[in-house]
Amino acid sequence: MENKLCEDNVECKSQSKRNDFLDEIPKDIEKKSYHCDICEKSFTRKDSLTIHKRIHTGDKPYHCDICGKAFSQTGSLTTHKRVHTCEKPYHCDICGKSFSEGTHLTKHKRIHTGEKPYHCDTCGKSFALSGNLTTHKRIHTEERPYQCDICGKSFSNGSTLAKHKHIHAEEKPYHCSICGKSFSQTGSLTTHIRIHTGEKPYPCDICGKSFSQNDNLTKHKRIHTGEKPYHCDICGKSFFHNCDLIIHKRIHTGEKPYQCDICGKSFSLSGHLTRHKNTHTGEKTFRCDICGKSFSEKGYIIKHKRIHTGEKPYHCDICGRSFSEGSSLTKHRRIHTGEKPYRCDICGKSFAQKARLTTHKRTHTGEKPHNCDICGRSFSRTDLLSSHRRIHTGEKLYYCDICGKSFCLSQHLTLHKRIHTGEKPYHCNICGKSFLQTKDHVLDVSHYWDEDRFAQQQQQQL
């Protein structure tokens with residue numbers, strides 16, 4: 001018991017002496033800091049300041065004895081040497097994958113955990129890596145800090161600039177062993193080879209559709225999530241893809257950067273210029289192997305082939321109806337939503353389709369751009385011209401299923417069928433008579449050209 005008390009007393013005195021010693025340390029020594037005389041940054045340790053100064057001086061005292069590369073810190077040299085030794089001392093305890101750096105393992109583990117600690121304060125989107133957040137933010141700020149020193153084009157991230165620079169460099173050291181095509185980057189070759197192999201290693205976890213490139217999967221997923229991260233700062237409209245926003249802005253700016261070198265006409269889209277050029281050349285390089293019809297663009301033949309296959313890959317998620325073209329689905333959906341985005345600037349009437357607005361405007365302008373090459377008569381719509389031409393050709397596409405008589409126009413068949421059915425849908429609210437068509441009543445009333453005679457006739461009928 002006495003020994004125990006003695007030990008406690010010694011420990012207490014020892015602790016008291018230590019506290020007295022710490023109290024005697026001058027406050028300026030205790031809080032001593034080391035300042036960089038170049039940028040004024042402060043450090044609590046002298047060796048940290050020494051390492052920091054190498055940023056300004058460019059001093060790299062640690063050299064790799066294998067390749068000679070130099071580093072400013074011993075830790076960086078140690079990590080670098082693993083490139084030569086292939087040492088990967090950091091192991092993932094979930095999948096077993098190994099890494100040469102601890103930071104790489106930390107980032108990798110977020111694939112398993114789903115952790116995304118970096119959040120965009122503009123749209124709320126989260127990221128697993130801080131670098132990805134930095135790049136993403138440039139979508140909102142439109143900042144493009146990486147500029148090509150050859151052509152001046154700017155990019156939002158360094159990797160895109162690096163890829164772009166290969167356009168200027170003629171060297172293409174990576175060759176496809178199947179078709180011989182050459183590439184400036186190994187990644188481009190890897191992606192290209194999938195055209196031959198059909199490999200699509202990036203599957204959508206929502207619908208199961210697979211893609212040959214990861215960025216294509218990212219874009220596809222926005223169909224399911226409805227995410228539209230690219231916003232027009234003029235009208236507020238949002239888009240799935242940045243390229244769609246760039247194209248859209250040309251509506252506001254009137255920019256048409258693609259010019260035909262034959263006639264000088266300009267276009268807002270490169271695809272429109274390509275189509276236009278075919279009007280000069282008449283070239284149709286894409287041929288249907290089923291019916292032999294030729295097309296000037298690959299997209300046209302893909303759409304055309306669906307006539308033969310019956311394929312309708314675009315489905316309405318409201319009523320289930322399917323379409324062979326995406327544009328047809330877009331137009332169809334407006335039936336459900338009631339959206340009419342095309343507005344007449346003369347009378348204010350709105351339309352679901354741009355073509356309907358174009359046709360409608362001709363009622364104001366009197367324009368009739370479709371001419372009959374036989375008699376010269378003009379029409380405001382192509383369908384009216386097509387119907388008119390049957391008068392000249394004698395073609396009769398519409399047949400009565402009761403008597404077999406044929407007609408040039410569908411409305412003539414409709415009128416004819418009323419002879420069989422006895423239908424008279426037009427009623428006069430003055431005389432009470434019914435007619436097959438409105439003009440029958442006009443002819444009937446024309447006999448009563450005088451108001452008095454018409455009144456007498458009405459009285460006689462009573």
Chemist: CG/Leu384 to NE2/His370 distance, rounded to the nearest 0.5 angstrom?
Modeler: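 Separation between the atoms: 9.0 Å.
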Chemist: Identify the two heavy atoms, one from Arg362 and one from Ser380, that lie closest to each other, and give their separation to 0.1 Å.
Modeler: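 Looks like NH1-O, 2.6 Å.
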Chemist: I want to check something: taking the side chain as every heavy atom from C-beta on, are Arg138 and Tyr146 in contact at a cut-off of under 4.5 Å?
Modeler: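 SC-SC contact between Arg138 and Tyr146 confirmed.
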Chemist: Aromatic rings His140 and His231: how do their planes relate, parallel, tilted or perpendicular, breaks at 30° and 60°?
Modeler: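 Judged by the thresholds at 30° and 60°, the geometry between His140 and His231 is parallel.
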Chemist: Taking CZ in Arg377 as the centre, count heavy atoms belonging to other residues, nucleotides or ligands within less than 6.0 Å. Is the count above 12?
Modeler: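 Count not over threshold, so no.
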Chemist: Give a yes or no on whether Arg389 atom CZ has more than 12 heavy-atom contacts from other residues, nucleotides or ligands under 6.0 Å away.
Modeler: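 Open: at most 12 neighbouring heavy atoms sit under 6.0 Å from CZ of Arg389.
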Chemist: Examine Lys228 relative to Phe240 and say whether NZ or CZ is less than 6.0 Å from the centre of the six-membered ring and inside a 45° cone about the ring axis.
Modeler: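 Checked: cation-pi criterion met.
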Chemist: Compare every heavy atom of Ile193 with every heavy atom of Cys176, then report the nearest pair and how far apart it is.
Modeler: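 That closest heavy-atom pairing would be SG-CG1, 4.4 Å.
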Chemist: Using every non-hydrogen atom in the two residues, find where His224 and Ile206 come nearest and quote the distance to one decimal.
Modeler: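 Reported closest heavy-atom pair: CB-CD1, 3.6 Å.
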Chemist: Quick one: pull up CD1 in Ile94 and CD1 in Ile111 and give me the separation to the nearest 0.5 Å.
Modeler: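 Going from CD1 on Ile94 over to CD1 on Ile111, the span is 10.0 Å.
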Chemist: Answer yes or no: is there a donor N or O on one side and an acceptor on the other, between the side chain of Thr135 and the main chain of Asn132, under 3.5 Å?
Modeler: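 Not a single qualifying donor-acceptor pair exists.
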Chemist: Can you tell me if Arg110 has over 12 outside heavy atoms packed within less than 6.0 Å of its CZ?
Modeler: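 Yes, CZ of Arg110 has more than 12 neighbouring heavy atoms, counting only those of other groups under 6.0 Å.
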Chemist: Give, for atom CG of Leu413 and atom OH of Tyr398, the distance between the pair rounded to the nearest 0.5 Å.
Modeler: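 So the gap between those two atoms works out to 9.0 Å.
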Chemist: Do Gln147 side-chain atoms and Ser154 backbone N/O form a donor-acceptor pair below 3.5 Å?
Modeler: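 No: the side chain of Gln147 does not pair with the backbone of Ser154.
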Chemist: Other residues, nucleotides and ligands only: do more than 12 of their heavy atoms fall within 6.0 Å of CZ on Arg250?
Modeler: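 Atom CZ in Arg250 is crowded, with more than 12 foreign heavy atoms closer than 6.0 Å.
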Chemist: Would you say Arg356 has more than 12 foreign heavy atoms packed within less than 6.0 Å of its CZ?
Modeler: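 For Arg356, atom CZ is not crowded (no more than 12 foreign heavy atoms under 6.0 Å).
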Chemist: Compare all side-chain heavy atoms of Cys123 with those of Glu227 and state whether any distance is below 4.5 angstrom.
Modeler: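 A side-chain contact is absent here, since even the closest heavy-atom pair is not under 4.5 Å.
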Chemist: What pair of heavy atoms forms the shortest contact from Cys204 to Lys221, and how long is it?
Modeler: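 Looking at all heavy atoms of both residues, the closest pair is SG-CG, 4.4 Å.
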Chemist: Side chain to side chain contact (heavy atoms under 4.5 Å, CB included) for Asp345 and Lys361? Distances and angles first, verdict last.
Modeler: CA-CA 9 Å; Asp345 54 6; Lys361 277 193 170 183; 3.4 Å; yes
Chemist: What's the spacing between Tyr118 OH and Lys137 NZ if we round to 0.5 Å?
Modeler: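 Between Tyr118 OH and Lys137 NZ, I get 12.5 Å after rounding to 0.5 Å.
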Chemist: Would a 4.5 Å heavy-atom cut-off, applied to side chains only, mark His360 and Tyr342 as touching?
Modeler: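 Not in contact.
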Chemist: So Ile247 and Leu269, do their side chains get closer than 4.5 Å, heavy atoms only?
Modeler: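 Heavy-atom side-chain distance check passes, below 4.5 Å.
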Chemist: Of all heavy-atom pairs between Gln213 and Tyr202, which one has the smallest distance, and what is that distance?
Modeler: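 Looking at all heavy atoms of both residues, the closest pair is C-CD1, 3.5 Å.
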Chemist: Counting distance only, does the side-chain N/O of Gln259 pair as donor-acceptor with the main-chain N or O of Ser266 below 3.5 Å?
Modeler: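 It does not hold such a pair.
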Chemist: Drop me the distance from Glu87's CD to Ser98's OG, to the nearest 0.5 angstrom.
Modeler: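 One finds 10.5 Å between CD of Glu87 and OG of Ser98.
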Chemist: Please report the C-alpha distance between Lys277 and Leu273 in whole Å, then the side-chain angles of each, then the deciding distance to 0.1 Å, and finally whether the side chain to side chain contact (heavy atoms under 4.5 Å, CB included) criterion is met.
Modeler: CA-CA 6 Å; Lys277 277 193 169 182; Leu273 173 60; 4.2 Å; yes
Chemist: Between Cys260 and Cys263, which heavy-atom pair has the shortest distance, and what is it?
Modeler: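 Looking at all heavy atoms of both residues, the closest pair is SG-N, 3.5 Å.
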Chemist: Distance check, rounded to the nearest 0.5 Å: Ile302 atom CD1 versus Phe295 atom CZ?
Modeler: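 Here the rounded value is 11.5 Å.
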Chemist: Does the pair His336 and Cys316 meet the rule for a side chain to side chain contact (heavy atoms under 4.5 Å, CB included), with working shown?
Modeler: CA-CA 10 Å; His336 301 298; Cys316 176; 3.6 Å; yes
